[in-house]
Amino acid sequence: MGLVLGMPQTVAQSATGDGPFSQLIIRGVTLINGNGAPPQGPIDIVVENNVIAKIQVVGYPGVAIEASKRPQLKPGGKELDCSGMYLLPGFIDMHAHIGGVAQGAEPDYVFKLWMGHGVTTVREVGGRSIDWSLDLKRKSAKNEIVAPRIYTFTSFGQTSERFNPLNDIPISTPEQARAWVKANAKMGADGIKFFGAEPEIMAAALDENKKLGLGSACHHAQLNVARWNVLHSARAGLTSMEHWYGLPEALFDNTTVQHYPLDYNYQNEQHRFENAGTLWAQAAKPFSEHWNTVMEELLALNFTINPTFNIYEASRDLQRARRAEWHETYTMPSLWEFYQPSKISHGSYWHDWGTEQEVAWKENYRLWMTFINEYKNRGGRVTAGSDSGFIFQLYGFAFIRELELLREAGFHPLEIIRSATLNGAEALGQSHILGSVALGKLADFVIVAENPLQNLKVLYGTGAIRLTDENEVVRVGGVTYTVKDGIIYDAKQLLQEVAEMVATEKRKLNYKIKQPGIKE
């Protein structure tokens with residue numbers, strides 16, 4: 001069973017969604033609107049046909065609200081009393097994968113974990129297939145399934161079962177790259193996820209994609225980064241980078257390639273991740289001339305950085321990631337197995353992981369976070385993404401952990417919320433309808449009983465631990481309601497359904513989570 005959190009709920013809503021309504025009034029909230037403004041409340045928010053129609057201050061803290069001064073409910077409308085709660089824009093996960101075959105993570109499981117944590121929009125940067133992703137996108141848009149809004153970024157070169165121009169194109173020339181990009185747009189994709197390619201192919205693909213006005217993301221994989229790093233991509237029209245690969249390489253000032261050990265093999269996951277942990281130490285020093293020059297050029301190009309700090313956290317503290325308290329209740333057996341030390345499973349690189357590797361990665365994080373925080377300070381756009389489903393990072397929970405790591409990097413909590421909402425909407429080109437609580441935008445909200453600015457842990461589905469004045473240990477927080485397209489979902493019930501999915505699978509398999517190498 002899921003963990004029961006120690007907080008009262010208002011009138012329960014449905015896990016399958018209550019609404020939409022011709023009118024919805026959310027009453028008495030403290031608003032954190034996503035644009036960096038401080039909290040304000042109490043406020044009533046009026047939604048009409050999924051569009052925010054009124055944001056009305058209705059009083060002062062600690063003072064009784066006069067009913068006559070509040071927006072009036074129309075016949076057929078819905079009223080949701082959220083007095084004393086906090087309302088934020090729906091979260092946008094900018095690096096999402098809707099489950100994987102190897103992980104055994106099916107969409108319903110993944111979607112409920114995201115929605116249970118207030119994630120109402122995801123940018124899928126590579127999925128099982130373009131047809132599969134676009135089908136889920138259409139179903140979500142029609143609210144036929146309980147799912148976040150989906151923006152589909154196709155993996156460069158991925159084929160389609162139903163669209164011939166995307167089939168069997170061996171992308172080995174700039175002309176073929178342009179043809180694929182055009183076909184991808186015709187399919188209805190929102191953009192492209194690159195891993196790198198030959199420079200002339202990257203240049204052609206990015207140029208064509210830019211002409212079409214679509215977004216782009218890139219994980220600058222080591223196999224191509226020596227000739228094409230982040231600066232090359234940004235100059236060619238890439239709109240966002242994932243993780244941090246390609247950025248230290250742009251910052252090299254005394255070499256052109258990473259200091260690979262001479263027995264390095266990219267197919268060896270330990271080699272790959274162990275040596276990645278030394279990469280930032282090989283880059284130009286923070287605030288040096290070259291470091292500043294690279295940053296200023298990226299800023300001038302209006303480039304978006306999506307760091308996904310959380311997905312590498314096990315590299316610097318494996319035990320913490322393995323023993324996260326939510327695994328027992330919410331991690332599927334197949335996913336737990338995928339995480340275990342393996343020579344095959346991507347990101348399961350625990351062949352011989354120890355203190356030396358973790359110390360190197362901690363320094364990696366210090367240098368990486370310094371760049372990201374300063375990029376934000378100089379006006380650069382930083383978004384929040386999780387890359388869940390790998391390296392002990394669970395959907396939904398990992399997104400909240402990303403917010404905590406942005407705090408560690410130096411972001412003010414209000415800057416973190418902006419990264420998780422408005423910055424993502426801007427990067428998607430959707431800030432006119434998403435990303436902040438403003439008139440004319442869609443009704444995507446996160447509603448939580450505790451103040452997330454004081455403690456981001458209250459956004460976890462497992463809540464935050466608190467000792468009461470009566471010396472009782474309780475759990476507080478957890479998202480109360482997730483509102484997407486004006487439809488109200490009981491976030492705790494969504495997570496309870498996930499807990500039941502996991503418990504059913506464990507009973508079926510007679511499965512118990514065990515730590516690696518421990519025999520019963």
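Since we're looking at a predicted model, the values are computed, not measured.
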Do [X] and [Y] have side chains that get closer than 4.5 Å, going by heavy atoms?
X      : Y      : result
Arg272 : His346 : yes
Glu313 : Phe392 : no
His95  : Ile311 : no
Phe287 : Thr370 : yes
Tyr481 : Leu87  : no
Val479 : Leu494 : no
His117 : Leu495 : yes
Arg149 : Leu434 : yes

Would one find more than 12 heavy atoms of other residues, nucleotides or ligands at under 6.0 Å from atom CZ of Arg323? no
Heavy-atom neighbours of Glu144 CD exceed 12 at 6.0 Å: yes
State plainly whether the residues [X] and [Y] are in salt-bridge range, i.e. N to O under 4.0 Å.
X      : Y      : result
Glu325 : Arg475 : yes
Arg466 : Glu450 : yes
Lys137 : Glu124 : no
Arg27  : Asp44  : yes

Please give me the minimum heavy-atom distance between [X] and [Y], naming the atom from each residue.
X      : Y      : result
Val110 : Ala105 : CG2-CB, 3.9 Å
Ser348 : Phe338 : OG-O, 2.5 Å
Pro148 : Ser140 : O-OG, 2.5 Å
Val29  : Ile26  : CG1-CG2, 3.7 Å
Asn209 : Ser216 : ND2-CB, 3.8 Å
Leu247 : Val294 : CD1-CG1, 4.4 Å

With sequence neighbours left out, the residues meeting ring pair (Phe, Tyr, Trp, His ring centres under 6.0 Å) with Phe309 are Trp368
Once ring pair (Phe, Tyr, Trp, His ring centres under 6.0 Å) is applied, do any residues pair with Phe195, and if so which ones, sequence neighbours excluded? His219
Hydrogens and angles aside, do [X] and [Y] bring a side-chain donor and acceptor to less than 3.5 Å of each other?
X      : Y      : result
Asn423 : Thr383 : no
Asn184 : Thr154 : yes
Ser315 : Tyr365 : no
Gln103 : Tyr109 : no
Ser386 : Asp93  : yes

Identify whether NZ of Lys or CZ of Arg in Arg123 sits under 6.0 Å from the centre of the six-membered ring of Phe153 and within 45° of that ring's axis. yes
Evaluation steps, salt bridge (charged side-chain N to carboxylate O under 4.0 Å, His left out), between Arg366 and Glu363: CA-CA 5 Å; Arg366 185 186 71 81; Glu363 176 65 4; 2.7 Å; yes
Does [X] use its side chain to pair, donor to acceptor, with the backbone of [Y] at less than 3.5 Å?
X      : Y      : result
Asn35  : Leu422 : no
Lys441 : Ser431 : yes
Ser419 : Ala384 : no

Exactly one of Val146, Thr16, Thr120 should register a side-chain contact (heavy atoms from CB on, under 4.5 Å) with Tyr489. Which one does? Val146
Summary of side chain to side chain donor-acceptor pair (under 3.5 Å) pairs that have at least one residue in residues 409-418, sequence neighbours excluded: Lys376-Glu415
Taking the six-membered ring where the residue is Trp, are the ring centres of Trp361 and Tyr312 under 6.0 Å apart? yes
Please evaluate residues Arg378 and Glu296 with respect to the criterion salt bridge (charged side-chain N to carboxylate O under 4.0 Å, His left out), reporting the C-alpha separation (whole Å), side-chain torsions for both, the decisive distance (0.1 Å), and the verdict. CA-CA 9 Å; Arg378 297 188 193 184; Glu296 290 301 325; 2.9 Å; yes
Relative to the ring of Tyr460, is the ring of Phe397 parallel (under 30°), tilted (30 to 60°) or perpendicular (over 60°)? parallel
